[in-house]
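Please read the structure below before turning to the comments.
Residue numbers begin at 1 in each chain, while the letters A, B, ... track the order of the sequences. Note that the structure is predicted; figures quoted are calculated from it, not measured.
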2 protein chains.
Amino acid sequence: MENHRLQEALDSLKSTKVRMTPQRHAILEFLFNAKTHPTADDIYKALEGKFPNMSVATVYNNLRVFKEVGLVRELTYGDSSSRFDSNTSDHYHVICEDCGKIVDFHYPGLDEVETLAEHVTNFKVKEHRMEIYGACPECHKLKQH
Amino acid sequence: MENHRLQEALDSLKSTKVRMTPQRHAILEFLFNAKTHPTADDIYKALEGKFPNMSVATVYNNLRVFKEVGLVRELTYGDSSSRFDSNTSDHYHVICEDCGKIVDFHYPGLDEVETLAEHVTNFKVKEHRMEIYGACPECHKLKQH
DNA sequence: TATACTAATTGTAAAGATTATAAAGTAAGA
DNA sequence: TCTTACTTTATAATCTTTACAATTAGTATA
């Protein structure tokens with residue numbers, strides 16, 4: 001089923017003028033099969049076996065392209081580097097402040113927040129993001145010793 | 001009234017082992033009077049008149065200290081550098097994707113989200129953050145030409 | 001299938017933000 | 001005042017991301 005989403009992504013790229021290259025295919029494939037939310041460097045390291053000559057620039061370039069087309073979302077947390085998420089459907093992230101684990105979390109109906117924000121600020125609202133911070137079960141258990 | 005919040009912050013620092021220095025006082029004062037959400041470099045530049053010898057490291061060090069004590073919140077958006085917010089009471093930010101303007105936005109009752117996240121993920125939830133993205137009135141008007 | 005046009009990749013350098021380190025300075029309590 | 005531990009400073013180092021120019025490679029077209 002992950003392959004299904006990947007296939008959809010590949011198809012949607014065909015309809016643009018974005019060329020398909022082996023590197024792009026591999027980056028997309030990795031992102032769509034990833035259970036985690038990898039950094040650019042994670043992706044680079046994961047693919048250096050298959051593409052020993054691939055440049056980091058290629059990873060960054062393509063992540064930007066995928067972002068522009070809407071296939072990928074960039075997550076910027078407090079830590080040093082961005083993470084990338086192929087799941088662009090509406091969901092939020094619960095983040096462990098101790099070990100960095102990120103868990104997806106579905107919650108409906110924050111459209112109301114957007115609507116209210118529009119009225120109060122006169123902005124033309126496009127989207128929102130939310131993260132929930134805390135300790136994952138494992139880290140929490142450790143802290144209680 | 002800003003001075004009142006600043007005074008409270010200074011008092012709360014006295015109860016810790018955090019020493020008061022002229023640099024720390026100036027950084028806190030600047031943050032608590034700021035209408036915007038400045039970057040570390042903004043703060044550095046703003047204070048270099050008063051402290052020609054102050055190091056950037058001092059700004060970063062102290063922002064970290066203030067964060068640890070809970071006086072200051074760090075905001076990491078997509079762009080290169082973090083922003084800092086002295087207002088640690090619950091509020092959200094509405095951000096213009098074109099000009100970068102940030103407007104505070106009050107909204108109650110997302111405690112429910114935290115509660116649900118706890119139940120679903122078994123995390124021990126501590127806090128959450130949310131940002132709303134769009135175009136500010138000025139930028140939106142420009143785009144309609 | 002060969003050609004040509006244009007976009008993509010590579011390798012490296014550069015930029016920008018943040019942190020580490022060691023020496024010198026200073027706040028705060030005894 | 002003295003002492004100690006914390007802070008500041010100055011600089012170097014690190015880390016992430018982007019810029020750039022030369023080379024390579026998709027893809028549309030003939």
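- Counting only residues at least two apart or on different chains, the salt bridge (charged side-chain N to carboxylate O under 4.0 Å, His left out) pairs with a member in residues 119-131 of chain B are E97(A)-K126(B), R129(A)-E131(B), E131(A)-R129(B), R129(B)-E131(B).
- When rounded to the nearest whole Å, the span between CZ of R64(B) and P of dC6(D) equals 14 Å.
- Residues satisfying the side chain to side chain donor-acceptor pair (under 3.5 Å) test with E138(A), not counting sequence neighbours, are K101(A).
- Contacts classified as side-chain hydrogen bond (donor to acceptor under 3.5 Å, both in side chains) and involving residues 49-65 of chain B (residues at least two apart or in different chains) are given here: R24(B)-N62(B), N61(B)-R64(B).
- Between atom NZ of residue K141(A) and atom CG of residue N122(B) there is a gap of 9.5 Å, rounded to the nearest 0.5 Å.
- Taking E74(B) as the reference, K67(B) meet the salt bridge (charged side-chain N to carboxylate O under 4.0 Å, His left out) condition, with sequence neighbours excluded.
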Taking only distance into account, with no hydrogens and no angle test, what donor-acceptor pairs under 3.5 Å do side-chain atoms of residues 109-117 of chain A form with protein atoms, sequence neighbours excluded?
from	atom 1	to	atom 2	distance (Å)
E112(A)	OE2	Y107(B)	OH	2.9
E114(A)	OE2	H128(A)	N	3.4
E114(A)	OE2	H128(A)	ND1	2.7
T115(A)	OG1	D111(A)	O	3.0

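- Residue contacts for S82(B): at a heavy-atom cut-off of 4.0 Å it reaches the sugar-phosphate backbone alone, with no base atom in range.
- If you check residues 47-63 of chain A against DNA chain D, the residues with a heavy atom closer than 4.0 Å are A57(A), Y60(A), listed by number.
- When V94(B), V103(B), I95(B) are each tested for a side chain to side chain contact (heavy atoms under 4.5 Å, CB included) with I132(B), only one passes: V94(B).
- In terms of the ring-ring contact (aromatic ring centres under 6.0 Å, His included) criterion, residue partners of H37(B) (sequence neighbours excluded) are, by chain and number, H93(B).
- With sequence neighbours excluded, no residue forms a side chain to side chain donor-acceptor pair (under 3.5 Å) with T121(B).
- With values rounded to the nearest 0.5 angstrom, D42(A) atom CG is found 6.5 Å from T36(A) atom OG1.
- Shown here are the side chain to side chain donor-acceptor pair (under 3.5 Å) partners of E8(B), two or more places apart in sequence or in another chain: H4(B).
- dT18(D) atom P lies 16 Å from atom OH of Y44(A), rounded to whole Å.
- Taken residue by residue, residues 13-29 of chain A places heavy atoms nearer than 4.0 Å to DNA chain C at R19(A), T21(A), Q23(A), R24(A).
- Across every non-hydrogen atom of V59(B) and I27(B), the tightest pair is CA-CD1, 4.0 Å.
- Taking the C1' atoms of five terminal pairs at each end of the helix from dT1(C)-dA30(D) to dA30(C)-dT1(D), the two resulting helix axes are inclined by 30°, rounded to 10°.
- Counting 5' to 3', DNA chain C first comes under 4.0 angstrom of a heavy atom of chain B and last does so at the ends given by dA17(C) to dA28(C).
- When side chains are defined from C-beta on, V69(B) does not count as touching F66(B), because their heavy atoms never get closer than 4.5 Å.
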